[in-house]
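Naming: A, B, ... by sequence-line order, numbering from 1 per chain. Side chains included, hydrogens not; waters and symmetry mates left out as well; all remaining heavy atoms used.
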There are 2 protein chains.
Amino acid sequence: MVLDEFDRGILAILQRDNLTSQRTIGEAVNLSAPAVQRRIKKMTEAGIIQANVAIVDPTALGHAITIFVEVEIISETSGQIEAAKREFETMPEVQQCYYVTGEADFVLVILVPSMPAYEALTKKLFFGNNNVKKFRTFVAMDRIKVGLQVPTA
Amino acid sequence: MVLDEFDRGILAILQRDNLTSQRTIGEAVNLSAPAVQRRIKKMTEAGIIQANVAIVDPTALGHAITIFVEVEIISETSGQIEAAKREFETMPEVQQCYYVTGEADFVLVILVPSMPAYEALTKKLFFGNNNVKKFRTFVAMDRIKVGLQVPTA
DNA sequence: CGTGAAAAAGCGGCGTC
DNA sequence: GACGCCGCTTTTTCACG
């Protein structure tokens, strides 16, 4: 699916605030509200808009600690990779998971309420998984920027 | 502000899909729609709900490449740290930026349309900054999970 | 907090270009 | 095929009990 300038304008707004009314969006991009709606529907069906979510402050829910983990696995067969993906994916503490090239195989962004909780998670995810060769932990001290907006330009 | 089980239930749903109607949410948590609405408003004003956004597939916008970078800086004086924070923060390609402990000082999540674009960015951000000791790049091959859901349990 | 009414937004059909 | 216009339906929103 190919996106024109209208679609890009709509996405730019939706990435900032997806509760903006279709009429307001229409005024911003010079389109009628139904036209905006049709484009949003199309982009959603095409998978371009993947989800609509509320961003919640982790500290309010007691999950104050953000941790980055680089995971190196032993056997890089596609079956093992898929198994690892699925395991990371199902853990609620694992916020983001990427399969990467470089000195590691996976990069995880994890959110936990405390360091003991993280230790418990490492026991389950890494020490309890004999396909994990090693992992490196980075504890976030400051969240400088949490961007989700893909540049539309 | 203290959250009860109703609030947690509402947040759990909103983090998955913030377009869910208040009536549906109310049925799920055993509350009337206006009660749900009041709680959402309160949590938004309290900053617990920080934003409502559409998650967009970066590839659809031509920013197909996600890159993780660990940055190690030379001088860890607070002035240098702050300067680095500000520089990373202002770049639109830098989606996420955390100041971390461990073998690196910063972890960045970067989104670029191509590898040449990333090379150009490294020249500006890292090679052009004589306070950067070294950096390690991880190119994402697969986006397994882009979680934003803080566990509510 | 829940009920119920008013306002607004979402949604679909139809004619037009 | 996509647009805008016009109703209908759903949702949001705010009074009041």
With a 4.5 Å cut-off on side-chain heavy-atom distances among I, L, V, M, F, W and Y, is there a chain of contacts connecting B/I74 to B/Y99?
no
Same apolar cluster (I L V M F W Y, side chains within < 4.5 Å links), A/M115/A/L121
yes
Where the side chain of A/Q37 is concerned, which of C/dT3, C/dC11, D/dC14 is the nearest nucleotide?
C/dC11
When you get a sec, tell me which of D/dC14, D/dG4, D/dC3 is the closest nucleotide to the side chain of B/P34?
D/dC14
Spacing between [X] atom [atom1] and [N] atom [atom2], to the nearest angstrom:
X     : N      : atom1 : atom2 : result
B/I40 : D/dT11 : CD1   : C1'   : 12 Å
A/E45 : C/dC11 : CD    : C1'   : 13 Å
A/E5  : D/dA2  : CD    : P     : 17 Å

For residues 27-43 of chain B, run the donor-acceptor check on the side chains, cut-off 3.5 Å, and write out each pair with its distance to 0.1 Å, sequence neighbours left out.
{"residue": "B/E27", "atom": "OE2", "partner": "B/R23", "partner atom": "NH1", "Å": "3.3"}
{"residue": "B/S32", "atom": "OG", "partner": "B/A35", "partner atom": "N", "Å": "3.4"}
{"residue": "B/Q37", "atom": "OE1", "partner": "B/Q22", "partner atom": "NE2", "Å": "3.2"}
{"residue": "B/R39", "atom": "NH1", "partner": "B/D4", "partner atom": "OD1", "Å": "3.0"}
{"residue": "B/R39", "atom": "NH1", "partner": "B/D4", "partner atom": "OD2", "Å": "3.1"}
{"residue": "B/R39", "atom": "NH1", "partner": "B/D7", "partner atom": "OD1", "Å": "3.0"}
{"residue": "B/R39", "atom": "NH1", "partner": "B/D7", "partner atom": "OD2", "Å": "3.4"}
{"residue": "B/R39", "atom": "NH2", "partner": "B/D4", "partner atom": "OD2", "Å": "3.3"}

Per the under-4.0 Å heavy-atom filter, residues of residues 18-31 of chain A near DNA chain C come out as A/S21, A/Q22, A/R23
Between B/A35 and A/K41, the residue closer to the 5' end of DNA chain C by nearest nucleotide is B/A35
Regarding D/dG4, can its base be found pairing with the side chain of A/R38 as donor and acceptor, where the two atoms are less than 3.5 Å apart?
yes
Just to verify, what does B/F127 make a ring pair (Phe, Tyr, Trp, His ring centres under 6.0 Å) with, not counting sequence neighbours?
B/F135
Geometric class of the B/F88/B/F106 ring pair [parallel <30°, tilted 30-60°, perpendicular >60°]
perpendicular
Are A/E89 and A/R86 within salt-bridge range, i.e. N to O under 4.0 Å?
no
